[in-house]
S.K.: 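First the structure, then my questions, so here it is.
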Amino acid sequence: MIVSLLLRALVWFGLYVALTLLPLGVAWWERPWDTPRPVLVEASVATGFLALPLMIFQFALVSRLGPASRPFGSDTLMQFHAQMGVVALAAVALHPLLLVVEGMPWRAWNPWAGPWLWRTGAVAFWATLLIVGTSIWRRRLRLSYEAWQILHLLLAIVITAAMVIHILAARGYASEPGMRALLAGYVALAAVLLLRYRLVRPLLLWRRPWVVERNEDAGGSTRLLRVRPEGHAGISFEPGQFSWIMSGTSPLWSAQHPISMASSAEGLPGGALEFGIKALGDWSSTVVPALAPGARLWVDGAFGAFTPEGRAAQGYVLIAGGIGISPMRSILLTLRDREDVRPVVLFYAAHDASRVMFREEIDALTTVLNLTVVYVFENPDEDWAGERGVVTAEVLRRHLPRQFRRFQHFVCGPPAMMDALERTLVDIGVPFGAVQTERFDMV
Amino acid sequence: MRHVIVTRVTGGFVVLLLAAVLAFTWAARRPTAAPVLVAPAAPSGEVLFQRHCAACHDPADTAVGYRLADDHAAAAAELRGFLVDHYGPSPEGIALIVTHLLEPPPP
């Protein structure tokens, strides 16, 4: 299964690379100039022809195309999307900078004046700067996640439209039939992806509502939300995966929140699902606690590659920090329901005992699973006899069984914790491919 | 460790993109390998202006200063120098564009 996923990942990535470079190939094939132009002009053209596909395929990376996202994992695609956004910004900035060196006046950067070629180029540049800036510094700018999602979508549409008009206004390479056909194809692809993601998919979800069955305090500022499908069979998922949750009046205009399933993949009665949602922002702090039984919401899933499914292992090491316990709970409950006898070691890092979620349930699982639980408290009571501080190599060595290098290791928690533990696990001898992490803290 | 792999893949992809920019820049400036069997019709100054300049420059705005100049020969030389430094079509093309711009507008 892993080999098959790897092959599929290579095919999809190969397609991405080929389609990104294709405009350059077509431009070279059709080059309309009878004499060579300055080096910097052609280099500028090249960066421009890379910027457009980079921007258009940004839609594809986050549009939840099942066959394309499964081999990578949605968090991986989101990370690549974020990094390629910066690369696209570099291409969009280099394009006019090279022309400035070649003699183009600085006033060409003004989106309010000048010929349309300059205006649209300037709009594309400033909007790209804005979209990347608001994504990197969203919290510093005090932009809510919901407002950021709307702004992000609008800016992406503005950038793509401005780029296409800019290329057509520049004529030159874009006057040739092959390049025009390619541009038309790319614009059509972006439109289809956008419509599918923002219109068709929400409309389909609208017909498959979910209803809140229970909404209870799970400790540590976390709500355990149980929802059941209304009028449909629900979804199947693998332990550790996540779904996008939308609340409000319609999935068409509701903000979408990635939340890990916390229940067993073997299913709950009536196809119900459970989600652990920690109060971290506007939606999770105010909307989620107010969701009463009977409230309607929508679940788009399942996504993600943070799962033990298809990974050969003699046992599992689960390392959770804070709300990172949510997918671990799903993994543990699934192992319980499947009567799995392999050894499992759970390291659960929290500030103190009062911030531990699902504690009674986790402790009870030690009687039905071959499970060892190690709580690591950063600031425990004085009488705490267990591990203190953070999860370090020494803590791991003290509790891991002799054969831990043949286990699969799952880490979910704050980014700094995951960064440190990824290095630590490899340092103590865990193979690179046996460490899985899940990261949603992209913006 | 997937995020480490992603960062490395991104780094590799950026190197590939830079190589593609360099390769395109080099390839686009090479003369076409195929021999031209039939000489194309010579483009006019107006066609060349449309192709090379019109996206950013209005012909009337571009030419008006030169048409008003006392010394037309000096103005033409200045315009020629500007075109060579700017986006540089062939010398023949430059001559055609200059002629096109300095022609008096039709009555």
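Everything numeric in this text was worked out from a predicted model, so none of it was measured. The analysis underlying the following values was restricted to heavy atoms, covering all of them including side chains, and did not include hydrogens, waters or symmetry mates. Chain naming here is simple, since letters A, B, ... match the order of the sequence lines and numbering starts at 1 in each.
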S.K.: If you take the centroid of each ring, where Trp contributes its six-membered ring, are A:Tyr16 and B:Phe13 closer together than 6.0 Å?
M.R.: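 Judged by ring-centre distance (under 6.0 Å), B:Phe13 and A:Tyr16 do meet the cut-off.
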S.K.: Test side-chain contact (heavy atoms from CB on, under 4.5 Å) on A:Leu94 and B:Val21; report intermediate values, then the result.
M.R.: CA-CA 11 Å; A:Leu94 260 178; B:Val21 168; over 6 Å; no
S.K.: Would a distance-only check, ignoring hydrogens and angles, find a side-chain to backbone donor-acceptor pair under 3.5 Å from B:Arg29 to A:Arg37?
M.R.: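 Checking the backbone N and O of A:Arg37 against the side chain of B:Arg29, a donor-acceptor pair under 3.5 Å is found.
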S.K.: Let's go through A:Phe72 and B:Val6 carefully: what are the C-alpha distance in whole Å and the side-chain angles of both, what is the deciding distance for side-chain contact (heavy atoms from CB on, under 4.5 Å) to 0.1 Å, and is it a yes or a no?
M.R.: CA-CA 10 Å; A:Phe72 302 99; B:Val6 172; over 6 Å; no
S.K.: Taking A:Ala91, A:Ala27, A:Ala43 one by one, which has the highest count of heavy-atom pairs under 4.5 Å against chain B?
M.R.: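 Looking at each option in turn, the highest pair count goes to A:Ala43.
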S.K.: Of the backbone (N, CA, C, O) and the side chain (C-beta and beyond), which part of A:Val87 lies under 4.5 Å from a heavy atom of chain B, both, or neither?
M.R.: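 It is the side chain, since no backbone atom gets that close.
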S.K.: Which atoms of A:Leu40 are under 4.5 Å from chain B, going by heavy atoms: the side chain, the backbone, both sets, or neither?
M.R.: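 For A:Leu40, no heavy atom lies under 4.5 Å from chain B.
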S.K.: Among B:Leu18, B:Val14, B:Thr7, which residue has the highest count of heavy-atom pairs closer than 4.5 Å to chain A?
M.R.: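 Option with the greatest count: B:Thr7.
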S.K.: Measure distances from B:Leu22 to the heavy atoms of chain A and classify the residue's part below 4.5 Å as side chain, backbone, both or neither.
M.R.: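 Neither part.
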S.K.: Select, from A:Phe80, A:Trp28, A:Phe306, the one with the greatest count of heavy-atom pairs under 4.5 Å involving chain B.
M.R.: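 Among A:Phe80, A:Trp28, A:Phe306, the one with the most close pairs to chain B is A:Trp28.
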S.K.: By a 4.5 Å heavy-atom criterion (distance strictly below it), what part of A:Val411 contacts chain B: side chain, backbone, both, or neither?
M.R.: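 Neither; nothing under 4.5 Å.
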S.K.: Which region of A:Ser44, side chain (C-beta onward) or backbone (N, CA, C, O), has a non-hydrogen atom less than 4.5 Å from a non-hydrogen atom of chain B, or is it both or neither?
M.R.: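 Neither part, no heavy atoms under 4.5 Å.
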S.K.: Give the C-alpha distance, both sets of side-chain angles, the deciding distance and a yes or no for side-chain contact (heavy atoms from CB on, under 4.5 Å) between A:Thr76 and B:Ile5.
M.R.: CA-CA 9 Å; A:Thr76 298; B:Ile5 298 171; over 6 Å; no
S.K.: Can you tell me which portion of A:Phe49 sits under 4.5 Å from chain B's heavy atoms? Options are side chain, backbone, both or neither.
M.R.: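 Neither part; nothing is under 4.5 Å.
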S.K.: Among A:Gln436, A:Arg423, A:Glu42, A:Met418, which residue forms the greatest number of heavy-atom pairs with chain B at distances under 4.5 Å?
M.R.: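 The residue among A:Gln436, A:Arg423, A:Glu42, A:Met418 with the greatest pair count is A:Glu42.
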S.K.: Need one label for A:Ala434: side chain, backbone, both or neither, based on atoms under 4.5 Å from any heavy atom in chain B.
M.R.: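 Contact with chain B involves no heavy atom of A:Ala434 at all.
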S.K.: With a 4.5 angstrom heavy-atom cut-off, which part of A:Leu21 approaches chain B: side chain, backbone, both or neither?
M.R.: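 Only the side chain of A:Leu21 comes within 4.5 Å of chain B.
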